[in-house]
Amino acid sequence: MAFSSLNTSLPMHADMPGPRAAALVARDQKVFAPCMGRVYPFVMERGSGCDVWDVDGNRYLDFNAGIAVVSAGHTHPRIVRAIQEQAARFIHMAATDFYNEPMVTLGEKLVATMPVEHEWQVFLANSGTEAIEAAIKLARYATGRQGIIAFFGGFHGRSYGALSLTASKPVQRRGYFPLVPGTFHAFYANPYRPPLGVEPSRVAEACLAYIEDTLFRTVAPPRDIAAIVVEPIQGEGGYVVPAPGFLCGLRRLCDQYGILLILDEVQSGVGRTGTMWAFEQECPSDASGACAVCGRAQFIGCIPDILVTAKGLGGGVPIGAIVARKGWTSLWEPGSHGNTFGGNALACVAANEVLDLVRHELAANAARVGTYLMQGLRNLQQRYEVIGDVRGRGLMIGVELVMDRETREPARVLAQRVMDESFRRGLLILTCGASTIRLCPPLVLTEAQVDEGLAIFETALRASL
């Protein structure tokens with residue numbers, strides 16, 4: 001590939017933040033609660049594609065896309081035009097009580113992304129957290145059960161229902177108990193850090209057995225469990241791709257015990273992994289059309305009962321949604337759930353453009369350029385012992401830094417230092433998990449931008465050692 005050696009001529013953004021950025025940070029600290037905890041003093045002024053500029057005129061390459069939100073890049077002309085044209089017509093009419101065409105069109109497009117073997121219906125929300133809340137409510141309402149199982153390392157949001165499922169970092173829960181009762185946690189099938197002391201080859205089997213043989217037989221009787229909620233790729237937990245067979249094993253458990261499978265694709269969905277939804281890449285078919293891992297007949301991937309989406313769906317405009325099997329949504333009687341801003345016209349026209357762009361070009365670009373980026377990172381892994389693992393799909397890639405490859409002790413301080421050094425050199429990245437660098441750039445990323453980003457990343461990594 002084009003990137004092969006360390007480029008030491010890259011510009012440094014010395015004395016960060018600049019004067020205008022520093023002034024805005026100071027103003028911000030006077031009026032905003034400190035709970036958000038910003039990671040470094042980037043103050044955005046404008047953006048285009050994968051490039052952003054701060055208020056002091058410094059250019060950066062954006063490899064975080066507003067945490068996987070700006071899927072089509074900053075200020076994509078089609079999205080900007082759609083929002084401008086819609087704003088001139090009307091901005092909002094409450095979809096809880098009325099109708100509008102952008103909302104109906106979005107519902108049709110979302111349903112069209114799902115496997116045709118089932119009928120699907122949509123509920124629109126304003127964020128991933130709110131969509132998770134809707135999914136929980138639907139599962140409990142439709143099944144008449146109360147229990148929900150989620151996973152250690154998972155992140156599903158910060159409102160009380162979503163927070164009760166979240167098990168990523170203690171700071172997210174500390175001070176908020178009691179949480180919603182009836183929630184339980186199991187082990188995620190992390191092949192790099194296998195729980196329960198098992199071999200990586202047995203991690204999926206062991207994690208599934210823990211649910212069936214421990215949870216179901218002690219504190220979480222299956223007849224009381226409404227849903228299992230899982231990320232097809234854990235986001236905040238470290239960009240962890242589960243071991244083969246884990247998701248389809250969850251599908252099997254859900255089918256066996258009458259439990260709904262909720263897939264949280266807030267971060268992994270809308271083309272990020274190289275397909276519209278990450279679940280499409282699970283349950284690979286053999287020649288007979290059955291899953292090559294679990295043997296179960298599948299139409300496309302590990303099909304959920306409820307899919308949750310947000311983040312990249314709006315291309316930067318706040319929106320969330322669930323797409324659920326009609327057999328469940330048909331039980332939701334009028335007035336049993338709703339909101340004021342769901343179906344907002346500006347959010348819907350933006351999402352309509354995003355889905356078209358992803359379907360026609362961006363998912364394929366994420367797959368192709370993601371492969372190129374992954375190869376570049378694995379080349380770095382061969383040269384730097386602190387890179388313990390490189391994993392992901394499409395443009396959802398994690399680089400886990402370790403103190404030692406044998407012990408796999410997380411290099412927490414190093415990960416923070418690499419993030420900060422990358423910022424000083426013009427690359428915006430974020431951490432996740434214990435010591436993982438997450439790379440989730442806009443899906444318009446080019447190979448030339450990959451080369452530039454890798455050069456900056458290696459420079460920052462070397463400066464941090």
Side-chain angles (χ1 to χ4, degrees), residues 68-69 71-72 76 78-79 82-83 86 95-96 99-139 142 229 231-232 260-281 299-330 332 337-339 341-363 366 443:
V69 166
S71 49
H76 192 289
R78 283 180 53 175
I79 297 175
I83 293 172
Q86 181 59 46
T96 297
Y99 306 86
N100 68 75
E101 186 171 4
M103 178 184 70
V104 174
T105 300
L106 177 57
E108 292 170 340
K109 289 184 178 182
L110 283 169
V111 164
T113 69
M114 302 298 287
V116 298
E117 289 74 19
H118 301 280
E119 290 187 274
W120 303 88
Q121 289 187 321
V122 172
F123 178 84
L124 295 178
N126 307 294
S127 67
T129 298
E130 190 180 323
I132 284 288
E133 297 286 348
I136 295 170
K137 289 181 69 176
L138 174 57
V229 183
E231 298 163 275
L260 303 194
L261 180 62
I262 300 174
L263 294 187
D264 180 345
E265 294 235 25
V266 168
Q267 190 157 178
S268 64
V270 195
R272 173 125 322 258
T273 63
T275 50
M276 182 62 76
W277 308 114
F279 79 76
E280 297 177 54
Q281 299 180 50
F299 299 105
I300 177 172
C302 181
I303 305 174
D305 292 285
I306 305 172
L307 178 134
V308 183
T309 179
K311 284 191 181 292
L313 178 61
V317 179
I319 189 171
I322 65 169
V323 189
R325 298 192 193 189
K326 189 175 180 180
W328 302 115
T329 56
S330 63
W332 237 354
H337 190 51
N339 59 28
F341 286 102
N344 172 268
L346 297 187
C348 287
V349 296
N352 282 325
E353 293 296 330
V354 168
L355 288 176
D356 287 345
L357 287 164
V358 168
R359 183 164 62 92
H360 291 297
E361 57 184 277
L362 295 186
L443 307 186

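The figures that follow rest on heavy atoms only: side chains count, while hydrogens, waters and symmetry mates do not.
In this structure, CD on E117 lies 6.0 Å from CD1 on I303, to the nearest 0.5 angstrom.
Side-chain contact check for Q281 versus S268: every heavy-atom pair is 4.5 Å or farther apart. Within the 4.5 Å cutoff, no side-chain heavy atoms of V270 are placed close to those of T113. Proximity of T329 to L138: side-chain heavy atoms (C-beta onward) are separated by under 4.5 Å at one or more points. At least one side-chain heavy atom of L357 sits under 4.5 Å from a side-chain heavy atom of H76. For the pair E353/I83, no side-chain contact is recorded, criterion being any heavy-atom separation below 4.5 Å from C-beta on. Proximity of L124 to F341: side-chain heavy atoms (C-beta onward) are nowhere separated by under 4.5 Å. Counting heavy atoms from C-beta on, the side chains of I319 and L106 come closer than 4.5 Å. Looking at heavy atoms from C-beta onward, M276 lies in side-chain contact with L355 at the 4.5 angstrom threshold.
In the model, T275 has no side-chain atom that pairs as donor or acceptor with a side-chain atom of E280 under 3.5 Å.
Shortest non-hydrogen contact noted between H337 and F123 is CD2-CZ, 3.3 Å.
A distance-only check finds a donor-acceptor pair linking the side chain of N352 to the backbone of P102 [under 3.5 Å]. Panel note: side chain R325, backbone P304; a donor-acceptor pair is recorded below 3.5 Å.
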